[in-house]
Amino acid sequence: MNALHPAPLTRDAFRAEILRHLTYTVGKDASHASLYDWRMALSFALRDRIVTPWFHATRRTWAEDHKRVYYLSMEFLIGRILEDAAINLGLREVAAEALADLGQDFATVAATEPDAALGNGGLGRLAACYMESMATLGCPAYGYGIRYEHGLFRQEFENGQQVELAEDWLSQKHAWEFERPECAYTIGFKGQVETQRGRSVWVAGESVRASAYDTPVVGWAGRWANTLRLWGALPTKRFDLARFNSGDYAAAAESETLARTISRVLYPEDATYQGKELRLKQEYFLTSAAIQDILRRYLDSHSDLRALPAKVAIQMNDTHPALAGPELIRILTDHHGIGFGEAVEIARACLGYTNHTLLPEALERWSTWLMGNVLPRHMQIIERIDEDHLKAHPKRPHYVGIVKHHEVRMGELAFISSHRVNGVSALHTDLVKARLFPELDALHPGRIVNQTNGITPRRWLRMANPRLATLVTEAIGAGWEDDLDRLAGLEGHVGDAAFRERFAAAKRANKAETADWIRRATGTTVSPDAIFDVQVKRIHEYKRQLLNLLHTIAVWHDIRQNPNANHVPRVKIFAGKAAPGYVVAKEIIHLINDVAGVINADPATRDLLRVVYPPNYNVSMAERLIPAADLSEQISTAGKEASGTGNMKLSLNGALTIGTLDGANVEIRDHVGAENFFLFGLTAEEVLERRKDPDHARHAIMESQMLQDVLQMLAEGRFSPGQPGRYHGIVDRVWNHDYFLVASDFASYCAAQRAVDAAYQDGDGWSRKAAINTARMGFFSSDRAIRGYMRDIWNTGSAL
Ligand code: 26W
C-alpha cells in the first residue's frame with residue numbers, strides 16, 4: 001500500500017462511507033433520503049477516493065518539475081461522471097453491493113445524474129476522452145474550459161419539429177467539483193492602448209473575474225488524476241448597495257448580470273461561425289484566464305520565462321482559444337518586458353493547434369472592427385505577428401495572411417502561432433495540407449502533422465457495454481482496458497463457433513434492452529431481431545441524414561410494391577440535435593419524424609420496417625444506443641467529416657460500418673478489413689470532379705427510377721398530408737442545389753445497403769464480421785492518440 005494505491009475498500013467500509021456522507025454532507029436520514037440524496041452521498045464517497053491519487057499526482061508533478069500539458073477547449077462534453085469514476089477506481093462492484101445493502105440500486109441511482117453537456121458534439125466529446133486518457137497515461141495535464149450554467153439545450157419534438165429548452169445541470173449541486181474562490185483572475189475587455197515609458201499598456205474599459213472550479217479526472221485503475229479547471233464569470237464590481245437601498249434593485253444587480261452572462265450558456269452552433277461579440281468575449285475569457293493561470297503556476301517555481309516551453313505545452317482545441325498566442329505574447333512583452341520577436345518564439349514553442357473542420361462556414365473570422373473594439377491590444381499584436389511573418393517570408397502570396405479583407409482569420413493566426421498544427425485523421429490531415437493551408441504548409445514544411453482521433457475504451461466499451469466487456473475479458477483476460485491493442489487476441493476466438501454465439505448473444509441482449517427503452521422513449525415497438533441501423537450525430541447537411549432517409553423511404557416503397565420478396569427487417573434509428581438557427585437541418589428533423597409517423601403506422605410494412613427518433617441525443621443516449629447497433633451509418637460526403645469518433649465507438653462495439661471514404665472511416669476500414677465494411681460513394685477527389693458538372697444531380701436522378709419515385713412521394717406530400725408542400729424545399733434542393741451529392745451517391749448507397757441485408761441474413765457470418773470489428777479496433781483508443789500528441793507535439797513523457 002502506498003499513497004497512490006490506498007487500501008482496497010470493502011463493501012462494509014464503503015457502505016459506512018456512503019452513510020457518513022448521507023448523514024454529514026447531505027444532511028439526510030437514510031429513511032428519508034431521495035434518489036438524489038443517495039446519488040450525492042455515493043458521489044462524495046467516490047470522490048473521496050479520487051482525492052488521494054489526485055494529490056499524489058499534483059505533488060509528484062511539482063516535486064519532479066514535470067512538463068505540464070494544458071488543453072484549452074471551449075467544450076468538454078463529459079456526460080455522466082459517477083459510474084465512469086467508479087469503474088476507473090475499481091469500485092463499481094463494491095459500490096453496487098454497498099448500495100444494495102442500503103436498499104438502493106446502483107444503476108437507478110446513477111441514472112439520476114444529469115449529463116455534463118458542456119459541448120456540442122465531436123470536438124467536445126474528444127476533449128473529454130483525451131482528459132481521461134491523459135489521466136490514464138499519467139501525463140500531467142490540466143483541461144481549461146468554461147463552466148457554462150446552461151449546457152447544450154434539451155431537445156424536444158413538437159409536432160415533429162425540434163424545440164429547444166434550456167438545459168439546467170447546475171440546478172442541482174454538482175458533486176464532482178471543488179470551488180476555488182481564491183483562484184480568480186481579472187479579464188479585461190475594450191478600452192484603449194496607451195504608451196507608458198516605451199511600453200504598451202492596455203487600459204481595459206470593462207472587466208470581469210474568472211473564478212476557478214476544479215473537477216478531478218481519474219484515469220484507469222486510479223493510478224493518476226488530473227484537473228479539469230472550468231472558469232465561471234463573476235463581476236469585478238461589488239454589489240451596488242447604495243443603489244439597492246435607494247430602491248433601484250435592477251440597476252444594483254446590473255453589472256453582476258452582465259458579467260455572469262459570459263459563462264451563462266454554451267453556443268449551440270457546431271459548424272457555423274456567427275461572429276457574435278459575446279462569443280468572442282467567451283473565447284477571450286477562457287483563454288486569458290488559462291494563460292494567466294499557467295504563467296502564475298510557472299512563476300511559482302521558475303523565474304526565467306524564456307524557458308517556458310520546457311515546462312509548458314498548450315494545446316488549442318480548434319481556433320476557439322486561438323487568442324492564446326496574442327495573450328501570451330501580450331503578457332510576455334507588455335508585462336515582462338520581453339522583446340516582441342522573442343515573445344513570439346516562446347509562444348510558438350509552447351502552442352499547438354488542432355484543426356477539426358474544413359467547412360468554410362465553420363472557420364472563425366472576426367471583423368477587425370470587433371476585434372479592435374473588444375481587444376484593442378490584441379488586435380495590434382495580431383497585426384504585428386502578421387507583418388513579421390510576411391517580413392520573414394517575403395515570398396508569402398499576397399492573399400495569404402492573418403488579417404485580410406478587414407477580418408482576422410483565426411485558422412491562420414493559430415497556424416502561425418503554433419509549432420505544430422494537426423489534423424484528426426490521415427485523410428483530413430492531407431486535406432488540411434492540400435486545401436486549407438497549402439501556402440503555409442509550403443512555408444513551414446513539417447509543421448502539419450496527423451493525430452488520428454481516438455476514444456476511451458473505459459467509457460465506450462467497459463462501461464457502456466458490460467456484456468461485451470465481460471465476454472472480452474473472459475476470452476483474452478483483463479488488461480485490455482488500458483492496452484486496447486490486446487483486443488487483437490480476440491481474433492483467435494473468432495473462429496470458435498461458441499465464441500461467436502456468445503458475441504451474438506451479448507449484442508442480442510443489448511438490443512432487447514434497448515428495444516424496451518425505445519418503446520418507453522418513443523412509443524414505438526421494435527423487434528430485436530431486426531437490423532438496428534443507427535445514425536447518431538449532430539444533424540448536418542454534410543452528414544447526410546437525408547441520404548439515409550431517402551433510402552428508408554425507398555425500402556418502404558419497395559416492400560409495398562413487392563410484399564412477397566425476401567425483405568430483411570430493419571429498425572432505422574436516428575438521433576441528434578440541430579443548431580437552433582440551422583433551418584435546413586431542422587427541416588430534415590421534421591421530415592424524419594414525419595416519415596417515422598407514416599411508416600410506423602403502415603400495417604403492410606410494420607414487421608419489416610420501423611423508424612425511430614428518440615429526442616435529446618446526448619452522451620448517455622449514445623452509451624445506450626451504440627452497444628445495441630448492428631449497422632453504423634458514416635455516410636458524410638467524402639472530404640467533409642474531419643474524422644468522426646462515433647464511427648469508432650460503433651465499430652468497437654461490434655457494429656459494421658456502411659460508409660464513405662471520409663475522415664477516419666478510411667483508417668477504420670484499413671484496420672477491420674474491406675470485407676468487414678460496407679463501402680460506397682464518391683471519393684473526396686471524385687466529389688470535386690463531380691461538382692464541375694452543373695447537372696450532376698439531374699443526371700443521377702434520371703438514372704434511378706427509385707430515386708425519382710422517392711422524390712415524387714416527397715413532392716406529393718405523402719409524409720405531410722396536411723401540408724403537401726412542406727418538403728418542396730428539400731426536393732428542390734436535391735434536384736437543383738445538391739452540394740452534398742445526395743443524388744450522386746444514392747444508387748451506390750442503396751447497393752451497399754442490399755449487401756448489408758444479404759450479409760445479415762447469414763447470422764453467423766455477420767457475427768464473425770462484427771467480432772472482427774471489435775478485435776481490430778485497438779488502434780482507435782484515445783490512449784494511442786494521446787501518446788502521439790505527447791511524442792510529436794508536446795514533447796513530454798508520463799510521470800508514472
Ligand atoms: C465556431 C462554431 C464552431 C463550433 C465548433 C465551428 C466548428 C466547431 C467544431 C470544430 C465542430 C466539430 O465538433 N468538429 C468535429 O470534431 C471531431 C473531433 O475531432 C471530429 O471527429 C468530427 O469529424 C468533426 O466534425
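Numbers for residues simply follow the sequence, beginning at 1.
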Closest heavy-atom contact between Ala638 and Leu661? CB-O, 3.8 Å
Looking only at the side chains, is there a donor atom on one of Gln708 and Gln712 sitting less than 3.5 Å from an acceptor on the other? no
Is a donor from one side chain sitting under 3.5 angstrom from an acceptor on the other, for Glu75 and Asn120? yes
If I take atom NE2 from residue His557 and atom CG from residue Asp709, how far apart are they, to the nearest 0.5 angstrom? 4.0 Å
Hydrogens and angles aside, do Lys572 and His551 bring a side-chain donor and acceptor to less than 3.5 Å of each other? yes
Search all heavy atoms of Pro614 against all heavy atoms of Phe574 and return the closest pair with its distance. CD-O, 3.4 Å
Looking only at heavy atoms, what is the nearest atom pair of Tyr353 and Gly411, with distance? CE2-O, 3.8 Å
Among Arg409, Gln274, Arg279, which residue meets the side chain to side chain contact (heavy atoms under 4.5 Å, CB included) test with Glu364? Arg279
Taking it one step at a time, do Phe157 and Tyr613 satisfy ring pair (Phe, Tyr, Trp, His ring centres under 6.0 Å)? CA-CA 10 Å; Phe157 296 140; Tyr613 191 169; 4.7 Å; yes
Go through the side-chain N and O atoms of Asn665 and Asn647 and say whether any donor and acceptor fall under 3.5 Å apart. yes
Is it true that the side chains of Ser720 and Asp594 contain a donor and an acceptor less than 3.5 Å apart? no
Test side chain to side chain contact (heavy atoms under 4.5 Å, CB included) applied to Ser73 and Leu118, Asn317, Leu126, Thr354, the passing residue: Asn317
Please enumerate all residues that pass salt bridge (Lys or Arg N to Asp or Glu O under 4.0 Å) together with Arg538, with sequence neighbours excluded. Asp270
Within the structure provided, determine whether Glu439 and Tyr399 are in side-chain contact (heavy-atom separation under 4.5 Å). yes
Regarding Gln535 and Asn548, do their side chains bring together a donor and an acceptor under 3.5 Å, going by distance alone? yes
Could you tell me whether Glu633 and Lys537 have a side-chain N and a carboxylate O separated by less than 4.0 Å? no
Under 3.5 Å side-chain donor-acceptor pair for Asp693 and His699: yes
How long is the gap from CD1 on Ile146 to CG on Leu286, to the nearest 0.5 Å? 5.0 Å
Run the salt-bridge test on Arg691 and Glu689 with the 4.0 Å N-O cut-off and return the result as yes or no. no
For Thr452 and Glu667, does a side-chain donor sit closer than 3.5 Å to a side-chain acceptor? yes
I need the minimum non-hydrogen distance between Asn510 and Ala628, along with the two atoms involved. O-CB, 3.8 Å
Just verifying a value: how many Å separate Lys692 NZ and Leu688 CG, rounded to the nearest 0.5 Å? 7.5 Å
Using a strict 4.0 Å threshold on nitrogen-to-oxygen distance, state whether Glu685 and Arg690 make a salt bridge. no
Should Phe780 and His671 be marked as a ring pair (Phe, Tyr, Trp, His ring centres under 6.0 Å) after you check the CA-CA gap, both sets of side-chain angles, and the distance that decides it? CA-CA 10 Å; Phe780 297 94; His671 277 86; 5.2 Å; yes
Using 4.0 Å as the upper bound for N to carboxylate O, is an ion pair formed by Asp430 and Arg435? no
Decide, yes or no, whether a salt bridge links Lys586 with Glu164 under the criterion of side-chain N to carboxylate O below 4.0 Å. yes
Give the C-alpha distance, both sets of side-chain angles, the deciding distance and a yes or no for ring pair (Phe, Tyr, Trp, His ring centres under 6.0 Å) between Tyr542 and Tyr739. CA-CA 9 Å; Tyr542 84 79; Tyr739 180 75; over 10 Å; no
Can you tell me how the ring of Tyr71 sits relative to the ring of Tyr130, calling it parallel under 30°, perpendicular over 60° and tilted otherwise? perpendicular
Are Glu407 and Trp366 close enough that some pair of their side-chain heavy atoms sits under 4.5 Å apart? no
Determine, using ring centers only, whether His150 and Tyr148 are less than 6.0 Å apart. no
Give, for atom CG of Asn453 and atom CE of Met648, the distance between the pair rounded to the nearest 0.5 Å. 5.0 Å
Test applied, side-chain hydrogen bond (donor to acceptor under 3.5 Å, both in side chains); reference residue, Arg570; option that passes from Thr552, Asp630, Asp757: Asp757
Quick check: closest heavy atoms across Asn355 and Asp318, and the distance to 0.1 Å? C-OD2, 4.0 Å
Presence of salt bridge, Asp168 and Arg154, under 4.0 angstrom: no
Can Trp169 and Asp115 be counted as having a side-chain donor-acceptor contact under 3.5 angstrom? no
Can you see whether Ser651 engages Asn653 through a side-chain donor-acceptor pair at a distance of less than 3.5 angstrom? no
